[in-house]
Amino acid sequence: MGIESSCDETAASVCLDGKILSNIVAGQDIHSRYGGVVPELASRAHLQNIVPVVDQALLLSQTALSDIDAIAFTQSPGLIGSLLVGAQFAKSLAFTQNIPLIAVHHMQAHVLANLIASPDRPAEVPYFPFLCLTVSGGHTQIVVCTSPSDLKVIGETTDDAAGEAFDKSAKLLGLPYPGGPLIDRHAQSGNAARYTFPEPRVPGLDFSFSGLKTAILYFIQNEKAKDPDFVTKNLSDICASIQGRIISILLNKLKMAASQTGIRQVCLAGGVAANKGLRKAFEETGKSLGWKTFIPEMGYCTDNAAMIAMTGYYKFLDQDFSPLSVTVSARASW
Ligand code: KG4
Ligand code: ZN
């Protein structure tokens, strides 16, 4: 069983020999009215959700608690209070069921979500080595994955994550949190060439999104000074233009990484991989450059426990267990 509680999703999943049998996620609507995740409220919601979510995951997979061989949980990174709820629950299960406890790094799990086969595409998983662009609310990374336990970050953001760039831009446009999916929706009917936002100059394979956020802020302030209804009148084009720039920043670095490493199997991961514009541009780039591309099913891109269970499965094979004294960490490298 895998348990995920690093941010504002409480999730549990049962995995049998590397096959996902259930994947239950409970979201937390309460944060939308505050414009972002409120850590204390997230911890309380995890406490309320964890038992029913685990129950559902067992029920759906037709598995008895006594049949669980090991319990994996997200140890890092994340909100401390949120991580503690999942960790404490996992430790209690490990202790009472007398089964191994497996600590999982959330970002490693996002990458390994690409190894989860779908019932309709059982053979469509990458072989090693592969490259992965992980884009979430807290991280933006390019990772070389040589085996399930050998992952190396070769590029990452120096400030905001791609998901934050989406969410903060959406906030400037007056859209509710999380704004990423809303920008995606409005962008579909917009013209991405209408407004031009700057592409940051960051050396190597690293990213930066804070300059883009500032450029958008000034752009909106200027245009609103001329016409107070500017945003409402041009929302689709603004969203398409912002999204287009975020995508070009991401894919330009990914192209550079593929060219430098020579790796031609390229994956997407993380919540922003749900973005329709990114998915399309990623597939098109892959086609034009001769890559074999992979994107996990939507439910395995955003935060979920199937990716934790899958990573736990590989760690189980390696007998990579943790003692009950293991602690959670807001930030930890792999
Ligand atoms: O991986 P994830 O579920 O949680 C973290 O680990 O952060 O990613 C959440 C992020 C949020 O910033 C959210 O706005 C963004 O993913 N996101 C999207 C879309 N769906 C989720 N961003 C753009 N377009 C989407 N369709
Ligand atoms: Zn995540």
Side-chain angles (χ1 to χ4, degrees), residues 2-11 13 23 25-29 31-32 35-37 39 42 46 73-79 82-83 86 104-114 132-141 143 156-157 160-173 175-188 190 192 209 212-213 239-247 249-251 267-282 295-308 310-311 330-332 334:
I3 290 182
E4 155 65 30
S5 70
S6 63
C7 190
D8 60 341
E9 258 101 24
T10 321
S13 168
N23 181 34
V25 182
Q28 304 180 359
D29 289 340
H31 306 289
S32 63
V37 177
H46 282 305
F73 71 100
T74 305
Q75 183 212 357
S76 178
L79 301 169
S82 292
L83 288 166
V104 169
H105 195 285
H106 183 86
M107 299 313 295
Q108 178 180 2
H110 268 304
V111 175
L112 297 190
N114 278 285
C132 184
L133 170 67
T134 314
V135 274
S136 74
H139 293 80
T140 303
Q141 297 181 327
V143 178
E156 60 189 328
T157 185
D160 289 347
E164 267 177 303
F166 270 105
D167 296 339
K168 288 180 178 174
S169 305
K171 202 170 180 176
L172 294 172
L173 298 174
L175 299 171
Y177 178 87
L182 296 171
I183 294 206
D184 190 5
R185 203 164 73 210
H186 291 292
Q188 281 171 56
F209 289 99
L212 176 64
K213 181 185 61 191
C239 287
S241 303
I242 293 172
Q243 179 170 299
R245 176 50 81 211
I246 295 174
I247 292 171
I249 293 172
L250 292 171
L251 293 186
C267 305
L268 274 188
V272 182
N275 184 271
K276 293 193 184 58
L278 176 61
R279 294 168 85 92
K280 188 162 170 269
F282 171 70
I295 311 178
E297 250 178 46
M298 215 71 117
Y300 302 142
C301 284
T302 47
D303 282 353
N304 67 88
M307 66 185 195
I308 306 300
M310 195 66 179
T311 308
R331 283 169 191 276
W334 309 357

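Numbering of ligands and ligand atoms starts at 1, following listing order. Values reported hereafter were calculated over all heavy atoms of this structure, with side chains retained and with hydrogens, waters and symmetry mates removed. Residue numbers count from 1 along this sequence.
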Review point. Mind checking whether H139 and P77 have side chains closer than 4.5 Å, heavy atoms only?
Key: yes
**Study point:** Any N304 side-chain heavy atom under 4.5 Å of S13 side chain
**Key:** no
Check your understanding: With Q108, which of T311, T134, V143 fulfils side-chain contact (heavy atoms from CB on, under 4.5 Å)?
Key -> T311
Check your understanding: Among H46, H106, M107, Q75, which one satisfies side-chain contact (heavy atoms from CB on, under 4.5 Å) with S6?
Key -> H106
Point to revise | Distance (rounded to the nearest 0.5 Å) between I247 CD1 and L278 CG | key: 5.5 Å
Study note, to complete from the structure: Output for pair (I183 CD1, S169 OG), nearest 0.5 Å, gives 5.0 Å
Exercise for review: At a cut-off of 2.8 Å, list the protein N/O/S atoms near the Zn ion (ligand 2), residue plus atom name.
Suggested key: H106 NE2, H110 NE2, D303 OD1
Point to revise | K213, NZ: over 12 other non-hydrogen atoms inside 6.0 angstrom | key: yes
**Study point:** Residues forming a ring-ring contact (aromatic ring centres under 6.0 Å, His included) with H105, sequence neighbours excluded
**Key:** W334
Identify all N/O pairs between ligand 1 and the protein with a separation under 3.5 Å and present them as a table of atom names and distances.
unit_1, atom_1, unit_2, atom_2, d
ligand 1, 1 (O), H110, NE2, 3.3
ligand 1, 1 (O), G271, N, 3.0
ligand 1, 1 (O), D303, OD1, 3.2
ligand 1, 3 (O), D303, N, 3.0
ligand 1, 4 (O), D303, OD1, 3.2
ligand 1, 4 (O), D303, OD2, 3.1
ligand 1, 6 (O), H106, NE2, 3.3
ligand 1, 6 (O), D303, OD1, 3.1
ligand 1, 6 (O), D303, OD2, 3.2
ligand 1, 7 (O), G137, N, 2.7
ligand 1, 7 (O), G138, N, 3.4
ligand 1, 8 (O), G137, N, 3.3
ligand 1, 12 (O), G163, O, 3.3
ligand 1, 12 (O), D167, OD2, 2.6
ligand 1, 14 (O), D167, OD1, 2.6
ligand 1, 14 (O), D167, OD2, 3.4
ligand 1, 14 (O), G180, N, 3.4
ligand 1, 24 (N), G180, O, 3.3
ligand 1, 24 (N), N275, ND2, 3.0
ligand 1, 26 (N), D184, OD2, 2.8

Review point. Listed by chain and number, what are the side-chain hydrogen bond (donor to acceptor under 3.5 Å, both in side chains) partners of Q243, not counting sequence neighbours?
Key: N275
